[in-house]
Number of protein chains: 2
Amino acid sequence: MEGGHSPDEANAPERLRALPSRLLNLAAGYAQRQVGERLATLDSRKWHYATLAALEEFGPDSQSGLSDRTGIYRSDLVATINELTARGLVVRAPDPADRRRNAITLTDEGRRHLKHLDLLIADAQAELLAPLSEVDRAELTRILKLIVGHHSRL
Amino acid sequence: MEGGHSPDEANAPERLRALPSRLLNLAAGYAQRQVGERLATLDSRKWHYATLAALEEFGPDSQSGLSDRTGIYRSDLVATINELTARGLVVRAPDPADRRRNAITLTDEGRRHLKHLDLLIADAQAELLAPLSEVDRAELTRILKLIVGHHSRL
DNA sequence: ATAATTTCGTTAGTGCGACTAACGTTAGAG
DNA sequence: CTCTAACGTTAGTCGCACTAACGAAATTAT
């Protein structure tokens, strides 16, 4: 599950070396690896984390609500919730107010698990950003937010 | 192939909103979309571009050499070269000096195609970075290079 | 009231990129 | 001459993004 076939940056073509889209993809890859590997130690994936985090912050929610907040597609959310319920981290129950909906609720066990995941995520960020100064970290976050903000609202 | 189920940043959980790994993944997603959509108009993908670019810059090369330079896995490179040869953009011939190797050579047609792709890639970068000032673009590139540099060696 | 439309959850499936395993062929080193 | 390593290839896994279609339930328009 490890390894890394990172391109030899020194020998990479000029045209590619400074290409923002490529740097972004590479950096995202490292980020995903850091996060993924750590979450895997607790048999979790980023969707689990996103879902649990959303539930703790906003309380019980429907699956479509969770989809909006987390960016997980409704169709993929099904499996995520299945996995979380199987482990007793959330409960899925039909919403009496609107019987089309499922009310997803965080359990105590889920809350506890989330705390563990928080630590792993923090570790991953630290490792990912290791070569950056505090200032650079803030700059990076600021600039990425500009990009994400621009492209997320249409 | 379009659409975008970008999470509603406003309603996203606190914990996720400023998470560098997540911002990186989102931004990389937008980048990939911009690049991918444009390349698709010429039935190309980023691997095609990377391969052609490497060949133009360094001249004929083996598949493993291309793998090193572009970051494409040897196993995936096979299909890429197949596609490029099918379109007459490169030629694959056994290397007489080392018969384990294939010498991949860029054709004139390939060189011409690469020029078109260059334009598309440039467009994609412009759109991706639209909300950023010149200074911010330079900052972003600089910081991403730090991250990539750090995680690619070792 | 009833018909038409919309929302929600679900199933199934596609496509792509990253990555591993295994294998035959060929080269190079001892 | 044998052992090992490199190359290209095939096949397959995994995670994530995304689409299509559908039944059940709710909302709306008539």
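Convention: sequence-line order gives letters A, B, ...; per-chain numbering from 1.
- For C:dT10, the OP1/OP2 oxygens have a side-chain nitrogen or oxygen of A:Gln63 closer than 4.0 Å.
- Rounded to whole Å, the distance from CH2 on A:Trp47 to C1' on D:dC14 is 12 Å.
- The interatomic distance linking B:Asn102 (CG) with D:dT10 (P) rounds to 11 Å, in whole Å.
- With a 4.5 Å cut-off on side-chain heavy atoms, A:Pro13 and B:Glu57 count as touching.
- Interatomic distance, OG1 of A:Thr141 versus CD of A:Gln125, reported as 9.0 Å (0.5 Å rounding).
- Within the structure, every side-chain polar atom (N or O) of B:Arg33 is placed at least 4.0 Å from both OP1 and OP2 of C:dC16.
- Using a 4.0 Å cut-off between a side-chain N of Lys or Arg and a carboxylate O of Asp or Glu, B:Arg45 and B:Glu83 qualify as a salt bridge.
- Near DNA chain C, defined here as any heavy-atom distance below 4.0 Å, the residues from residues 75-88 of chain B are B:Ser75, B:Asp76, listed numerically.
- Rounded to an integer number of Å, the gap from A:Leu39 CG to D:dC14 P is 18 Å.
- Side-chain atoms of A:Lys46 lie closest to D:dC16 of the nucleotides C:dC8, C:dT10, D:dC16.
- As a whole-Å value, the separation of B:Asp43 CG from C:dG15 P is 14 Å.
- Remark: A:Thr41 OG1 to A:Arg38 CZ distance equals 9.0 Å, nearest 0.5 Å.
- Ionic pairing of A:Arg100 and A:Asp95 is not present here: no N-O contact between side-chain nitrogen and carboxylate oxygen is shorter than 4.0 angstrom.
- Regarding A:Arg74, its CZ atom lies at a distance of 15 Å from the P atom of D:dC22, rounded to whole Å.
- Here the CG-CG distance, from B:Leu19 to B:Leu24, works out to 10.0 Å after rounding to the nearest 0.5 Å.
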Step-by-step side chain to side chain donor-acceptor pair (under 3.5 Å) determination, B:Arg92 to B:Gln63 | CA-CA 9 Å; B:Arg92 169 159 41 191; B:Gln63 293 184 194; 2.9 Å; yes

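- Distances were taken from every side-chain heavy atom of B:Arg45 (C-beta onward) to each of C:dT10, D:dC16, C:dC16; the shortest belongs to C:dC16.
- Ionic pairing of B:Arg87 and B:Asp43 is not present here: no N-O contact between side-chain nitrogen and carboxylate oxygen is shorter than 4.0 angstrom.
- Between A:Asn25 and A:Asp61, the residue whose closest nucleotide on DNA chain C is further toward the 5' end is A:Asp61.
- Candidate nucleotides D:dC18, C:dG17, C:dG9 were compared by shortest atom distance to the side chain of A:Tyr73, and D:dC18 ranks first.
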Contact string for nucleotides 23-30 of chain C, one letter per nucleotide 5' to 3', B = base within protein heavy-atom range under 4.0 Å, S = sugar-phosphate only, - = neither, reads ---BS---

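- Just one residue in the list A:Val90, A:Ile81, A:Thr80, A:Ile72 forms a side chain to side chain contact (heavy atoms under 4.5 Å, CB included) with A:Leu66, and that residue is A:Ile81.
- D:dA26 atom C1' lies 10 Å from atom CZ of A:Arg101, rounded to whole Å.
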